[in-house]
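Just below is one structure, and these are the notes that go with it.
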Amino acid sequence: MSRAALLVLADGRFPAGGHAHSGGAEAAVKAGRITGAASLEDFCRGRLHTTGTVSAALAAAAALGVDPVALDGAADARTPSAALRAAARRLGRQLLRAARVAWPAPELDALAREFPKGAHQPVVLGVAARAAGLGAEDAAYCSAYEAVSGPATAVVRLLSLDPFDATAVLARLAPELDGVARDAAESARRAVGEGVDVLPAASAPLLEVGAEGHAGWAVRLFAS
Amino acid sequence: MTSHPPAPNLTALSPPQSPAGVHARARISARPDAHGRTVLPVLHGEGPLALRRTRATGPEAHVTLVGAMSGPLGGDHLAVAAEVAEGARLSVGSAAATIALPGQDGAPARYDVSLTVADGAELHWLPEQLISVRGSELRVTTRADIGPGGRLVLREEQVLGRTGEAPGLLHSRLTVRHAGRTILDQELSCGPGAPAGWDGPAVLAGHRAVGQLIVVRPEFAHEGVKPVMLGDCAALTPLAGPGALVTALAPDALRLRRILDDALNRLT
């Protein structure tokens, strides 16, 4: 495997459309729940340990070769917000287009055939990591990092937060990210033998409610 | 605890005994009689889980879970199972809130609810709130298996601490399967010791009451349900299957119930 492939996949400039999504930060800023670096950090920490943990485990399981159709169903059940399911599939479709060019592989082609409207993004991310020769923990890291880097980048634009402060938030979360990636890979390994029900299902009620509200806004900076 | 010799047919189902704590099971089984009325061939409770049939008129059977003791306390393991056969209609409520209290040896308590709703059956599972008291630790699992044409209304409300009190540690997992497919799988952990960020702006943001209302109905597969906001901190959303979910957060139990009652009226 090439370790550098992980840098390519995790790069914010990887053309997969992630920059258009705030990970719920836009709704939280509007509601006055994110007002600066400290509340951004709390937000990212909560997201990391809920939906971030779930996404990382789904990605890790896909990287291990667990059936993407079963994983996509597990992602649906763990994403009760219809707005978030739609966003996850849009992101999955965009990621798949880029990944098929970057790391051509029959598994990616099969995923595109199975899900013409897009599979859940973490599932695509895991299969892409696999095609790039990366492992379960790599996929988990990539997904968990996206769970916090998306909101941090978005809040720089939404609140004109100092980019140094936003980056410092990410740096402070790094040790917790290690833990989440490790646990995600561990539950993914269990899912290989025991099925997708053993994957974590941690939820964040305010992210779900906020996403439904945000989807109805007439004017917004981010797609989700 | 009151001494209750377990019924012989339930002995095999009893959870492993730990030195401390109450271990109790309750079972309800509902089926239609020859006249289309719902009868309850099994209505068995023990220890703190006492069951009463509370209304006998009409085609539907009503059962109330009467808390015969306060709890669960740390170390307790309670399990409730309800099964509704094809053509039966069952409605279950509780007489009072369930209050998770600390035990003596710091062991966590468990509360497992298992609901089975056959094709063509209907279950309304509408218990009172679960209140997580300071120093308590409780793991709750609720699992509902719905047949293809089955109907379910299920409400869960979690209240973090009594008035003005810090909460205990509460883990809950809610799984709803329809026709063998999981349409909802959700965990929520809150209180001291829960993964960091649980009370932050992404998860609860200081709200002390959080609840869900799930409605599963075969018609939803065709009609669909339109997502809608129910105030600032509650939303109705269609699930990936013939179900709808209301997620609501509120400062307290009373205001949470008001939101979920309005949502229930909207959906039924």
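Letters go in sequence order (proteins before strands), and every chain restarts at 1.
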Report the distance from atom CG of A:L125 to atom CG of A:L96, rounding to the nearest 0.5 Å. 11.5 Å

What part of B:A234 lies closer than 4.5 angstrom to a heavy atom of chain A: side chain, backbone, both or neither? backbone

Which residues share a ring pair (Phe, Tyr, Trp, His ring centres under 6.0 Å) with A:F222, sequence neighbours left out: none

Please confirm whether the backbone N or O of A:A139 pairs with a side-chain atom of A:S143, one donor and one acceptor, at under 3.5 Å? no

Chain A: which of B:P195, B:A196, B:G197 shares the most heavy-atom pairs with it under 4.5 Å? B:A196

With B:V216 as reference, evaluate B:L245, B:V176, B:V153, B:L154 under the side chain to side chain contact (heavy atoms under 4.5 Å, CB included) test and give the passing residue. B:V176

Which atom pairs, one donor and one acceptor, sit under 3.5 Å between chain A and chain B?
{"from": "A:A77", "atom 1": "O", "to": "B:D185", "atom 2": "N", "distance (Å)": "2.9"}
{"from": "A:R78", "atom 1": "NH2", "to": "B:D185", "atom 2": "OD2", "distance (Å)": "3.4"}
{"from": "A:P80", "atom 1": "O", "to": "B:T237", "atom 2": "OG1", "distance (Å)": "3.3"}
{"from": "A:A82", "atom 1": "N", "to": "B:T237", "atom 2": "OG1", "distance (Å)": "2.8"}
{"from": "A:R85", "atom 1": "NH1", "to": "B:P238", "atom 2": "O", "distance (Å)": "3.4"}
{"from": "A:R85", "atom 1": "NH2", "to": "B:P238", "atom 2": "O", "distance (Å)": "2.6"}
{"from": "A:D197", "atom 1": "O", "to": "B:R173", "atom 2": "NH2", "distance (Å)": "3.3"}
{"from": "A:L199", "atom 1": "O", "to": "B:R173", "atom 2": "NH2", "distance (Å)": "3.2"}
{"from": "A:A201", "atom 1": "N", "to": "B:E187", "atom 2": "OE1", "distance (Å)": "3.1"}
{"from": "A:A201", "atom 1": "O", "to": "B:E187", "atom 2": "N", "distance (Å)": "2.8"}
{"from": "A:A202", "atom 1": "N", "to": "B:E187", "atom 2": "OE1", "distance (Å)": "3.2"}
{"from": "A:S203", "atom 1": "N", "to": "B:E187", "atom 2": "O", "distance (Å)": "2.8"}
{"from": "A:S203", "atom 1": "OG", "to": "B:E187", "atom 2": "O", "distance (Å)": "2.8"}
{"from": "A:L206", "atom 1": "N", "to": "B:V203", "atom 2": "O", "distance (Å)": "3.2"}
{"from": "A:L207", "atom 1": "N", "to": "B:A202", "atom 2": "O", "distance (Å)": "3.3"}
{"from": "A:E208", "atom 1": "OE1", "to": "B:Q186", "atom 2": "NE2", "distance (Å)": "3.2"}
{"from": "A:E208", "atom 1": "OE2", "to": "B:Q186", "atom 2": "NE2", "distance (Å)": "3.2"}
{"from": "A:E212", "atom 1": "OE2", "to": "B:T237", "atom 2": "OG1", "distance (Å)": "3.1"}

Between B:A240, B:A194, B:G206, which has the largest tally of heavy atom pairs under 4.5 Å with chain A? B:A240

CZ (B:F220) with more than 12 external heavy atoms under 6.0 Å: yes

With sequence neighbours left out, what residues match A:A184 under side-chain contact (heavy atoms from CB on, under 4.5 Å)? A:A56, A:A57, A:A140

Checking A:R130 side chain against A:A63 main chain: does a donor-acceptor pair fall under 3.5 Å? yes

Using every non-hydrogen atom in the two residues, find where B:G191 and B:L169 come nearest and quote the distance to one decimal. O-CD1, 4.1 Å

Scored by heavy-atom pairs under 4.5 Å with chain B, the best of A:G73, A:P151, A:A82, A:P200 is A:A82

Go through A:G24, A:P205, A:G216, A:A211 and name the one with the most non-hydrogen pairs under 4.5 angstrom from chain B. A:P205

Could you look at B:L249 and say if it's the side chain, the backbone, both or neither that has a heavy atom under 4.5 Å from chain A? side chain

Who are the side-chain contact (heavy atoms from CB on, under 4.5 Å) partners of B:A263, not counting sequence neighbours? B:L213, B:L230, B:V246

Any idea which heavy atoms bring B:L138 and B:P72 closest together, and the distance? CD1-CG, 3.9 Å

Count the heavy-atom pairs under 4.5 Å between each of B:A202, B:A205, B:G200 and chain A, then report the option with the highest count. B:A202

Which atoms of A:L199 are under 4.5 Å from chain B, going by heavy atoms: the side chain, the backbone, both sets, or neither? backbone

Let me know if B:I183 has heavy atoms under 4.5 Å from chain A in its side chain, its backbone, both or neither. backbone

